[in-house]
*Asks:* 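Following this message is one structure expressed as structure tokens.
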Amino acid sequence: MLNLKFLRDNLDEVERRLATRGGVVDLGDVRTLDESRRSLLSEAETLKAERNQVSALIGKTKDKSQVQGEIARMKDVSGRIKELDEELRQVEESLNGLLLTLPNLPDAKCPLGQSEEDNPEISTWGEPTKLGFEPQSHWDLGEKLDIIDFERATKIAGSRFALLKGAGARLERALINFMLDTHTQGDKYTEVLPPFMVNRASMTGTGQLPKFEDDLFHLDDPDFFLIPTAEVPVTNIYREEILDGAQLPICFVAYTPCFRKEAGAHGRDTRGLIRQHQFNKVELVKFARPEESDAELDQLLADAEGILQALKLPYRVVDLCTADIGFSAARTFDIEVWLPGQQLYREISSCSNFRDFQSRRASIRFRREAGSKPEFVHTLNGSGLAVGRTVVAILENYQQEDGSVVVPEVLRPYMGGMEKIG
RNA sequence: GGAGGAGUGGCCGAGCGGCCGAAGGCGGCGGUCUUGAAAACCGUUGAUGCGCAAGCGUCCGUGGGUUCGAAUCCUACCUCCUCCGCCA
């Protein structure tokens, strides 16, 4: 959520900066609602002040017959207050509803662009793998090795599900453990295992609601949502809390499955593990002081890159342009891993700084020192990494001409010493 | 699922329908004393909205209601605790 005061004073600038995300932005309604809110508020508060005064007087008066007139008048005043409060409630509901649909302001440093084509590549690591033979796709490899069964997953659940088997299931589990162990080394990140279902307030806090309900799996009774990323439950750990500034930054790492409807992706990535309704992810989440969040984003990105480097998987980093950053983000770096089967780089991690956008929605604040005023923290998160896509990358990059797959060295201890699948 | 009990400030804990944003304690902060620290003593210490400010408003789990006036009364919901049942 944007700062209403800032928005009020810089309406044109906000419109212009939001428009860099694409489309036209008209904040006229925000102005109108804000103005009527303030005028209703001041009228209601004046009456409340009067009522408080007169009621105190009535209270002090022993002989109530002397104040019958005041009591009658206050009855009217109270009626009027009730009307105004109701009007105010409606205006605030509209205003708040509107504010909740406005995306975050892109950072000044966020590159301008019209589409993902305009995302500048800022670094590369390793060389795209040269296999010396015709590479197979991970879905062919997986099926031939009998470690991924898409057909039966479809029978059990439906399309966009996978059944991992044998060394495939073991590889997924090995990756989760390897990632968690790596990130928690030296107490950099504290491991958490959060609920996989959350309520509406949590979804609103991180920005999935109210705009993106269609992308979420929902349970009617109780009114819960399956998490689309661990970002949601982990960021909401501190919703409506005031943190001690001395403890910042607070860094969490969480493994969770993630559930997404992929409603807008019909026909895209229908084969393979790339786009599933359910996938595993190890997520990094940080709560930082505002002045430190840029540096924390760099570190977060480096931590995510560290996993790919340890696995010796080639990748590049792109700086998402204004048209491509997510709703809640102010700045985002994507890590894209090389996939020989498809001969392209594919997103495997997305690392973002949300600044105070989520912390305003979720009311997550901190005190610099005892006695100072609460300020909003900056929240950040990034995949460290998407596990399913890491399996894809390993199968495709480590495949051999005979269709077997070499297990990356760092994973062997997690695979019971297995050096090769197949 | 059934039966009881409870939700007050960072924490514990008082609170008669008006003098309660809320006693008291702990903790925090500042000070006195001390070579320094502890102890003791004194003072101070919630959040938020509108406003340049003075100030005014709001917040005692959440939402409704009664009343001139609600932390205090009524009501629904939420959460927690105890007991019974069921259960990985």
Side-chain angles (χ1 to χ4, degrees), chain A residues 1-11 30-100 193-205 209 219-225 233 236-248 250 257 287 356 359-377:
Chain A
M1 187 145 61
L2 301 176
N3 180 350
L4 181 58
K5 276 185 188 157
F6 179 81
L7 211 159
R8 183 188 295 151
D9 297 335
N10 304 276
L11 209 68
V30 173
R31 169 172 282 164
T32 313
L33 286 166
D34 178 46
E35 280 167 3
S36 69
R37 168 175 176 269
R38 281 187 290 165
S39 102
L40 285 167
L41 194 62
S42 106
E43 191 180 347
E45 289 190 353
T46 307
L47 289 177
K48 282 178 185 173
E50 186 188 359
R51 182 180 66 184
N52 287 346
Q53 271 193 325
V54 175
S55 289
L57 188 75
I58 293 170
K60 283 189 196 119
T61 308
K62 294 278 187 287
D63 181 2
K64 300 294 189 224
S65 68
Q66 287 180 4
V67 288
Q68 281 312 311
E70 300 295 70
I71 289 177
R73 193 162 65 82
M74 284 309 106
K75 205 179 175 86
D76 288 345
V77 168
S78 277
R80 179 64 186 144
I81 289 172
K82 205 169 200 174
E83 283 170 24
L84 288 168
D85 276 348
E86 175 55 23
E87 266 186 82
L88 190 61
R89 194 193 59 76
Q90 284 177 17
V91 167
E92 285 188 330
E93 199 176 282
S94 306
L95 178 59
N96 204 29
L98 198 52
L99 288 176
L100 286 174
L193 185 60
F196 301 160
M197 299 178 213
V198 300
N199 55 31
R200 277 179 191 275
S202 291
M203 282 294 185
T204 307
L209 291 182
L219 281 70
D220 285 323
D221 186 21
D223 185 19
F224 285 156
F225 294 90
N236 276 282
I237 287 174
Y238 292 128
R239 174 154 51 83
E240 284 148 43
E241 291 192 31
I242 300 175
L243 304 168
D244 174 4
Q247 317 224 308
L248 299 178
I250 296 172
F287 303 83
D356 61 358
S359 58
R360 256 176 219 290
R361 290 178 159 244
S363 189
I364 306 170
R365 293 170 294 170
F366 76 103
R367 246 185 261 276
R368 286 187 185 274
E369 43 203 64
S372 57
K373 283 280 156 198
E375 298 171 51
F376 289 108
V377 301

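The sequence lines fix the lettering, A, B, ..., with proteins before strands; numbering per chain opens at 1.
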*Asks:* Can you tell me which nucleotide in B:U58, B:U48, B:G69 comes closest to the side chain of A:K373?
*Replies:* B:U48
*Asks:* Of A:N52 and A:I242, whose closest RNA chain B nucleotide lies nearer the 5' terminus?
*Replies:* A:I242
*Asks:* Check the distance between B:U79's C1' and A:R239's CZ and give it to me in whole angstrom.
*Replies:* 13 Å
*Asks:* With a 4.0 Å cut-off on N to O distance, would you call A:R80 and A:D76 a salt bridge?
*Replies:* no
*Asks:* Determine the interatomic distance between C1' on B:U66 and the same-named atom on B:A76; round to the nearest Å.
*Replies:* 15 Å
*Asks:* Can you identify which nucleotide, out of B:G18, B:G49, B:G51, has its nearest atom closest to the A:L41 side chain?
*Replies:* B:G49
*Asks:* Is A:R89 near enough to B:G63 that one of its side-chain N or O atoms lies under 4.0 angstrom from OP1 or OP2?
*Replies:* no
*Asks:* From the set B:A47, B:U58, B:G18, return the single nucleotide nearest to any side-chain atom of A:I58.
*Replies:* B:G18
*Asks:* Does B:G69 have OP1 or OP2 under 4.0 Å away from a side-chain N or O of A:S78?
*Replies:* yes
*Asks:* So what does A:R8 hit on the nucleic acid, given a heavy-atom distance under 4.0 Å: a base, only sugar-phosphate, or nothing?
*Replies:* sugar-phosphate
*Asks:* If pairing requires Watson-Crick or G-U wobble contacts with both distances under 3.5 Å, which nucleotide is the partner of B:G51?
*Replies:* none
*Asks:* Which nucleotide in the set B:U58, B:G57, B:A47 lies at the smallest distance from any side-chain heavy atom of A:P374?
*Replies:* B:A47
*Asks:* Within the structure shown, what part of the strands sits under 4.0 Å from A:A49 by heavy-atom distance: base, sugar-phosphate, or nothing?
*Replies:* sugar-phosphate
*Asks:* Strictly below 4.0 Å: does A:K48 bring a side-chain N or O up to OP1 or OP2 of B:G57?
*Replies:* no
*Asks:* Find the partner of B:G9: check Watson-Crick (N1-N3 plus N6-O4 or O6-N4) and G-U wobble (N1-O2, O6-N3) distances, both under 3.5 Å, and reply none if neither fits.
*Replies:* none
*Asks:* How many whole angstroms separate atom CD of A:E86 from atom P of B:G63?
*Replies:* 14 Å
*Asks:* Can you tell me if CD on A:Q68 sees more than 12 non-hydrogen neighbours from other groups inside 6.0 Å?
*Replies:* yes
*Asks:* Quick one: does A:R73's side chain get under 4.5 Å of A:V54's, heavy atoms only?
*Replies:* yes
*Asks:* Nearest whole Å is fine: how far is B:A47 P from A:L243 CG?
*Replies:* 15 Å
*Asks:* Would you mind reading off the distance between A:Y238 atom OH and B:G10 atom C1', rounded to a whole angstrom?
*Replies:* 15 Å
*Asks:* Using the P atoms only, state how far B:G1 lies from B:C12, rounded to an integer number of Å.
*Replies:* 28 Å
*Asks:* Which value, in whole Å, describes the distance between the C1' atoms of nucleotides B:C87 and B:U48?
*Replies:* 45 Å
*Asks:* Give none if B:U82 has no partner; otherwise give the nucleotide forming a Watson-Crick or G-U wobble pair with it, both distances under 3.5 Å.
*Replies:* B:A3
*Asks:* What's the gap between B:A70 and B:C59 when it is taken at their C1' atoms, as a whole Å value?
*Replies:* 13 Å
*Asks:* My understanding is that a pair needs two contacts under 3.5 Å, Watson-Crick or G-U wobble. By that rule, which nucleotide pairs with B:U66?
*Replies:* none
*Asks:* Please determine which of A:L7, A:T204, A:L99 meets the side chain to side chain contact (heavy atoms under 4.5 Å, CB included) test together with A:M1.
*Replies:* A:L99
*Asks:* Work out how far the C1' atom of B:A23 is from that of B:C78, and round it to whole angstrom.
*Replies:* 29 Å
*Asks:* With both distances kept under 3.5 Å, what pairs with B:U72, Watson-Crick or G-U wobble?
*Replies:* none
*Asks:* OP1, OP2 of B:C29 versus side-chain N and O of A:R367: anything below 4.0 Å?
*Replies:* no
*Asks:* Write down the partner of B:G43 under the Watson-Crick or G-U wobble criteria, each distance required to be under 3.5 Å.
*Replies:* B:C29
*Asks:* Quote, to the nearest angstrom, the C1' distance that separates B:C73 from B:C56.
*Replies:* 28 Å
*Asks:* Return the nucleotide paired to B:U34: Watson-Crick means purine N1 to pyrimidine N3 with N6-O4 or O6-N4, wobble means G-U with N1-O2 and O6-N3, both under 3.5 Å.
*Replies:* none
*Asks:* Quick one: is A:K5 getting a side-chain N or O under 4.0 Å of the B:C50 phosphate, OP1 or OP2?
*Replies:* yes
*Asks:* What is the pairing partner of B:C20, taking Watson-Crick or G-U wobble pairs with both distances under 3.5 Å in any strand?
*Replies:* none
*Asks:* What's the closest nucleotide to the side chain of A:K82 if the choices are B:U66, B:U58, B:C50?
*Replies:* B:U66
*Asks:* On RNA chain B, does the nearest nucleotide to A:K75 precede the nearest nucleotide to A:T46 from the 5' side, or the other way round? Give the residue.
*Replies:* A:T46
*Asks:* Using the C1' atoms only, state how far B:G51 lies from B:U58, rounded to an integer number of Å.
*Replies:* 15 Å
*Asks:* Verify, without hydrogens or angle tests, whether A:N236 (side chain) and A:S202 (backbone) share a donor-acceptor contact under 3.5 angstrom.
*Replies:* yes
*Asks:* Starting at atom CZ of A:F366, determine the distance to atom P of B:A47, rounded to an integer number of angstrom.
*Replies:* 14 Å
*Asks:* Under a 4.5 Å cut-off applied to non-hydrogen side-chain atoms, are A:L88 and A:R37 in contact?
*Replies:* yes
*Asks:* Does CZ in A:R89 sit with more than 12 non-hydrogen atoms of other residues, nucleotides or ligands closer than 6.0 Å?
*Replies:* yes
